[in-house]
Amino acid sequence: MHSMTQSKNVIWWTAINNPAHREKYGGYDYFEHSKKTWQYWCKKNNVEFVEFIEPRELDLKRFNPNWQKCLFVFDELEERNIEYNKIALIDSSAMIKWNAPNFFDLTDDRFTAWRDMDNMRWVHDSIVGYKKLYNDFECDILKYFNSGFMIFNKSHKKHFNSLKDHYYKNADKYIELQSSTVKKGNDQTPLNYWMQMNNVEINLDLPIAYNLTHMHRKEMFVHNWQLDIDRTPHFIKHGYVWRFNGIPKNERTKAMHWTWDKVRANYV
């Protein structure tokens, strides 16, 4: 249990080991690579690193880790007596560059996220699939954000808590959509609907360098062959937050281990 401390900005880092998905993900060794980068960055920028590794709900099929990270973030921080200003929710499949600027300074106290436009068919089908659950609300696809990295504060607590209530009341419907009907996403599309339905102003203007997703699609793992003297991969050279999503899940640990070997000397 934490003692009450002066409020800081917080990195809310979720790394729940789900035994049912262990083989699918090729193990969870990648957690450690992610954790080391975020701990280093937090210490450097006077940010509190808070890990969420023990699920509040033990039924991980009904309450998978993707849902638990957003449904219980405020409950967990308050029960641990952690005073906070802004919260950055970040997936454990992300690593941050050692010298990344402090993105908390760029949010203007607004709900901040990044557009998800890597697979527009997937996004479209997910929005359509969840529409009836939200009384046919028209979700604007041009405002659709990725939920693997979001920054928010106390003013958004009511929206997360009301979504939590909605999930508990409609858990069977959510699970049916996730596992049988839509099969596209967990918390992400519901969060998009919920924030739009509640007229939450969403800051989507931060540079993409802070949230490099689907890096393989963008050929970010290679270097500039015209500058062969510098073989640094594009994502390390030009990005600040590296998201190892979109690649086959069982290759994630291998990709993050390869990355850590390249950059580890900078985190000392």
Side-chain angles (χ1 to χ4, degrees), residues 12 14 61-75 86-91 93-94 103 106-208 210-214 217-218 241 243 245-246:
W12 175 247
T14 302
K61 184 174 181 182
R62 194 169 181 82
F63 294 89
N64 70 44
N66 284 317
W67 270 106
Q68 295 207 34
K69 70 182 180 186
C70 64
L71 294 185
F72 303 130
V73 52
F74 288 99
D75 297 329
K86 300 170 188 171
I87 302 164
L89 180 157
I90 185 71
D91 282 351
S93 57
F103 47 78
L106 308 176
T107 64
D108 298 327
D109 288 325
R110 292 182 289 166
F111 183 98
T112 298
W114 285 260
R115 286 185 176 84
D116 195 326
M117 304 183 77
D118 290 316
N119 187 340
M120 295 303 286
R121 169 58 67 88
W122 187 100
V123 170
H124 171 267
D125 290 350
S126 187
I127 288 174
V128 171
Y130 278 92
K131 191 171 183 179
K132 288 198 182 315
L133 185 60
Y134 301 109
N135 299 317
D136 290 327
F137 179 85
E138 290 290 338
C139 184
D140 186 349
I141 195 171
L142 297 180
K143 296 179 181 178
Y144 189 94
F145 60 84
N146 184 284
S147 67
F149 187 17
M150 305 178 291
I151 306 165
F152 44 88
N153 55 53
K154 286 185 174 73
S155 70
H156 304 111
K157 175 182 173 181
K158 59 187 177 185
H159 303 305
F160 281 86
N161 283 344
S162 59
L163 177 59
K164 178 174 64 176
D165 293 341
H166 192 268
Y167 186 88
Y168 270 95
K169 289 173 185 173
N170 298 278
D172 291 335
K173 293 179 182 177
Y174 276 107
I175 293 164
E176 170 72 15
L177 289 167
Q178 289 166 192
S179 61
S180 303
T181 313
V182 184
K183 298 186 191 177
K184 288 180 171 64
N186 298 290
D187 60 306
Q188 182 165 288
T189 297
L191 270 167
N192 272 273
Y193 267 104
W194 209 251
M195 294 304 168
Q196 288 193 29
M197 288 165 63
N198 286 283
N199 296 313
V200 175
E201 183 186 4
I202 303 172
N203 176 10
L204 294 165
D205 300 328
L206 264 64
I208 196 172
Y210 288 96
N211 196 26
L212 287 183
T213 57
H214 287 243
R217 287 174 181 254
K218 299 159 187 169
V241 176
R243 301 278 308 285
N245 63 344

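Positions are given from 1 along the sequence.
Scanning all heavy atoms of the two residues, the minimum distance from Ser126 to Val182 falls at CA-CG1, 4.0 Å. The minimum heavy-atom distance linking Lys218 with Thr213 is given by the pair NZ-O, 2.8 Å. Asn245 approaches His214 most closely through the heavy-atom pair OD1-N, 2.9 Å. Between Trp122 and Gly185 the shortest heavy-atom distance is CZ2-N, 3.2 Å. Among all heavy-atom pairs drawn from Glu138 and Gln196, the shortest one is O-OE1, 4.1 Å. Minimum interatomic distance between Leu177 and Gly129 (heavy atoms only, all atoms of both residues): CD2-O, 3.5 Å.
Atom CZ in Arg115 sits 11.5 Å away from atom CG in Leu206 (nearest 0.5 Å). Within the model, atoms NZ of Lys184 and CZ of Arg121 stand 9.0 Å from one another, a figure rounded to the nearest 0.5 Å. Between the NZ atom of Lys169 and the NZ atom of Lys164 there is a distance of 12.0 Å, given to the nearest 0.5 Å. Taking OH of Tyr167 as the start and SG of Cys70 as the end, the distance is 9.5 Å to the nearest 0.5 Å. Here CD of Gln178 is found 11.5 Å from NZ of Lys61. Values are rounded to the nearest 0.5 Å. Leu106 contributes atom CG, which lies 11.0 Å from atom CG of Asp205 (distance to the nearest 0.5 angstrom).
A side-chain N or O of Ser147 and one of Asp187 form a donor-acceptor pair less than 3.5 Å apart. Side-chain polar atoms of Asp116 and Gln188 form a donor-acceptor pair below 3.5 angstrom. Between the side chains of Arg243 and Asn211, at least one donor-acceptor pair of N or O atoms lies under 3.5 Å. Residues Thr112 and Thr107 have side chains that never bring a donor and an acceptor to within less than 3.5 angstrom of each other.
For Tyr144 and His124, the ring centers sit 6.0 Å or farther from each other. Ring centroids of Phe111 and Phe145 are separated by less than 6.0 Å, placing the two rings close together.
A donor-acceptor pair under 3.5 Å is absent between the side-chain atoms of Asn135 and the main chain of Phe137, judged by distance alone. Judged purely by atom type and a 3.5 angstrom limit, Asp108 has no side-chain atom pairing as donor or acceptor with the backbone of Arg110. Looking only at distances, a side-chain donor or acceptor of Asn153 sits under 3.5 Å from a matching main-chain atom of Asp109. In terms of modelled atom types and a separation under 3.5 Å, the side chain of Asn198 and the main chain of Val200 share no donor-acceptor contact.
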Should Gln68 and Asn64 be marked as a side-chain contact (heavy atoms from CB on, under 4.5 Å) after you check the CA-CA gap, both sets of side-chain angles, and the distance that decides it?
CA-CA 6 Å; Gln68 295 207 34; Asn64 70 44; over 6 Å; no
Phe63/Tyr168 under side-chain contact (heavy atoms from CB on, under 4.5 Å): CA gap, chis, key distance, verdict
CA-CA 10 Å; Phe63 294 89; Tyr168 270 95; 3.5 Å; yes
Quick one: do Tyr130 and Val128 satisfy side-chain contact (heavy atoms from CB on, under 4.5 Å)? Show the steps, please.
CA-CA 6 Å; Tyr130 278 92; Val128 171; over 6 Å; no
Verdict with supporting geometry, Leu204 and Trp114, side-chain contact (heavy atoms from CB on, under 4.5 Å)
CA-CA 5 Å; Leu204 294 165; Trp114 285 260; 5.8 Å; no
Does the ring pair (Phe, Tyr, Trp, His ring centres under 6.0 Å) test come out yes or no for Tyr134 and His166, once each step is laid out?
CA-CA 10 Å; Tyr134 301 109; His166 192 268; 5.7 Å; yes
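For the pair Val123 and Ile141, the minimum side-chain heavy-atom distance is below 4.5 Å. Residues Asp91 and Phe149 fail the side-chain proximity criterion, which asks for heavy atoms closer than 4.5 Å. Taking the side chain as every heavy atom from C-beta outward, Leu133 and Tyr193 never approach each other to under 4.5 Å. A 4.5 Å side-chain heavy-atom check between Lys157 and Asp75 finds every atom pair outside the cut-off. Between Leu163 and Met195, every side-chain heavy-atom pair lies at or beyond the 4.5 Å cut-off.
Other residues, nucleotides and ligands place no more than 12 heavy atoms under 6.0 Å from the NZ atom of Lys143. Shown here is Lys173, whose NZ atom has no more than 12 heavy atoms of other residues, nucleotides or ligands within 6.0 Å. Taking a 6.0 Å sphere around CE of Met197, one finds it holds more than 12 heavy atoms contributed by other residues, nucleotides or ligands.
Under the ring pair (Phe, Tyr, Trp, His ring centres under 6.0 Å) rule, Phe160 has a single partner from Phe152, Trp194, Phe72, Trp67, which is Phe152.
Using a cutoff of 4.0 Å between basic side-chain nitrogens and carboxylate oxygens, Arg217 and Asp118 are not scored as salt-bridged.
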